[in-house]
Amino acid sequence: MPKKIGILALQGDFAKHQEMLWLLKIETILVKKPGDLHGCEGLIIPGGETTTLTKLIQKYNLYEPIREFAEEHPIMGTCAGAIMVASTVDDHRIEPLQLIDISVTRNAYGRQIDSFITQVDVTFLQGPTRFKTVFIRAPKISNVGSQVEVLMELRGNPIMVQESNVLALTFHPELTTDPRIHQYFLEHFFTI
Ligand code: GLN
């Protein structure tokens with residue numbers, strides 16, 4: 001298990017990831033500038049708004065530092081974070097980090113009012129066979145590369161995928177009280 005995980009804290013619900021990691025007794029570093037990545041063993045990119053995230057990552061010159069960090073460290077992106085780690089996004093205003101070979105479509109389930117919570121079957125986690133998934137103006141993963149493993153699906157659509165040291169989820173595990181997905185990230189990605 002790692003000791004210190006960075007959470008990109010430019011915008012969005014980074015504080016909820018921080019609470020989840022505290023619960024799991026992991027120290028957190030809120031990453032707002034390139035130097036904050038030093039000392040982090042992995043990075044979480046939280047939910048938020050990817051048009052804003054793109055501007056802020058540009059403004060604080062974080063694109064290259066995050067890409068370099070990802071060459072050697074695990075990364076987990078949730079919702080907007082999954083859009084940011086993707087290789088292609090259907091919106092030209094978004095500059096994705098291109099860390100995992102997936103294509104995503106923003107706001108693919110509709111508007112804010114179409115946000116929803118649903119139970120999804122999980123086979124790769126210990127404990128209950130269902131996980132409560134929270135979707136808020138969520139993207140859809142429209143295409144996955146041949147090296148990408150699909151871990152969870154909702155009605156035939158991939159909602160949690162991994163490739164090498166990158167994990168991308170279109171929902172928000174940090175908004176539940178179930179820490180198993182964070183635990184999975186901490187237990188399985190830090191031995192790579
Ligand atoms: N709709 C947001 C976007 O596309 C993502 C929403 C979220 O992170 N909950 O940027």
Side-chain angles (χ1 to χ4, degrees), residues 5-21 28 30-32 42-60 62-63 66-67 70 74-120 122 131-144 148 150-155 157-163 166-182 184-185:
I5 296 290
I7 306 169
L8 190 66
L10 300 174
Q11 193 259 344
D13 79 332
F14 53 87
K16 288 286 172 192
H17 281 287
Q18 195 173 33
E19 284 170 23
M20 195 62 106
L21 292 179
T28 56
L30 295 181
V31 174
K32 298 183 181 192
L43 180 69
I44 294 177
I45 304 182
E49 187 57 41
T50 47
T51 45
T52 311
L53 269 169
T54 295
K55 286 188 195 138
L56 292 174
I57 294 175
Q58 280 165 351
K59 181 172 173 195
Y60 294 102
L62 274 158
Y63 270 100
I66 294 176
R67 286 192 181 114
I75 310 276
M76 174 164 85
T78 61
C79 201
I83 301 173
M84 294 312 295
V85 295
S87 46
T88 55
V89 181
D90 70 327
D91 184 332
H92 68 275
R93 293 170 300 171
I94 311 303
E95 184 186 342
L97 289 151
Q98 301 185 313
L99 304 179
I100 181 168
D101 189 9
I102 57 172
S103 302
V104 297
T105 307
R106 294 182 65 216
N107 302 325
Y109 295 90
R111 298 151 58 110
Q112 188 75 24
I113 196 166
D114 301 309
S115 297
F116 59 98
I117 297 177
T118 186
Q119 297 278 349
V120 176
V122 278
F131 193 92
K132 186 168 128 186
T133 51
V134 181
F135 290 86
I136 303 172
R137 295 180 64 232
K140 269 188 192 166
I141 298 172
S142 53
N143 200 48
V144 296
V148 175
V150 176
L151 293 171
M152 276 170 88
E153 282 184 346
L154 175 66
R155 296 181 219 115
N157 295 304
I159 57 170
M160 177 168 177
V161 294
Q162 74 179 52
E163 181 183 12
V166 182
L167 186 60
L169 294 76
T170 58
F171 55 97
H172 289 272
E174 74 284 6
L175 297 182
T176 66
T177 52
D178 189 337
R180 288 182 295 156
I181 286 182
H182 286 77
Y184 173 80
F185 177 62

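Both counts, for ligands and for their atoms, begin at 1 and track the order of listing. Atom set for the values below is all heavy atoms of this structure, side chains included, hydrogens, waters and symmetry mates excluded.
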A.B. asks: Can you find an N or O of I136 that's nearer than 3.5 Å to an N or O of ligand 1?
C.D. replies: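 Yes - when backbone and side-chain N and O of I136 are compared with those of ligand 1, one distance drops under 3.5 Å.
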A.B. asks: Of the protein's non-hydrogen atoms, which lies at the shortest distance from atom 2 (C) of ligand 1, and what is that distance?
C.D. replies: G48 O, 3.5 Å
A.B. asks: Taking heavy atoms and a distance under 4.0 Å, where does I83 meet ligand 1: side chain, backbone, both or neither?
C.D. replies: side chain
A.B. asks: Should you measure from each heavy atom of R106, which atoms of ligand 1 turn up under 4.0 Å away?
C.D. replies: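 Answer for ligand 1: 3 (C), 4 (O), 10 (O).
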A.B. asks: Provide, to 0.1 Å, the distance between atom 7 (C) of ligand 1 and the closest protein heavy atom, together with that atom's residue and name.
C.D. replies: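 Of every protein heavy atom, C79 SG, 2.9 Å lies nearest to atom 7 (C) of ligand 1.
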A.B. asks: Could you give the distance from OG (S103) to NZ (K140), rounded to the nearest 0.5 Å?
C.D. replies: 15.0 Å
A.B. asks: Identify the closest protein heavy atom to atom 1 (N) of ligand 1: which residue and atom is it, and at what distance?
C.D. replies: N107 OD1, 2.6 Å
A.B. asks: What are the atoms of ligand 1, with element, lying closer than 4.0 Å to any heavy atom of T50?
C.D. replies: 3 (C), 4 (O), 10 (O)
A.B. asks: Can you name the nearest heavy-atom pair linking I102 to A82, along with the distance?
C.D. replies: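 Looking at all heavy atoms of both residues, the closest pair is CD1-O, 4.3 Å.
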A.B. asks: For T78 and ligand 1, does the shortest N/O to N/O distance drop below 3.5 Å?
C.D. replies: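 No, there is no polar N/O contact under 3.5 Å.
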A.B. asks: Got more than 12 heavy atoms from elsewhere within 6.0 Å of NZ, K55?
C.D. replies: no
A.B. asks: Decide whether Q11 and T52 meet the rule of one side-chain donor and one side-chain acceptor closer than 3.5 Å.
C.D. replies: no
A.B. asks: With a 4.5 Å heavy-atom cut-off, do N107 and D91 have their side chains touching?
C.D. replies: no
A.B. asks: Among H17, K16, H182, which residue meets the side-chain hydrogen bond (donor to acceptor under 3.5 Å, both in side chains) test with T78?
C.D. replies: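 The passing option is H17.
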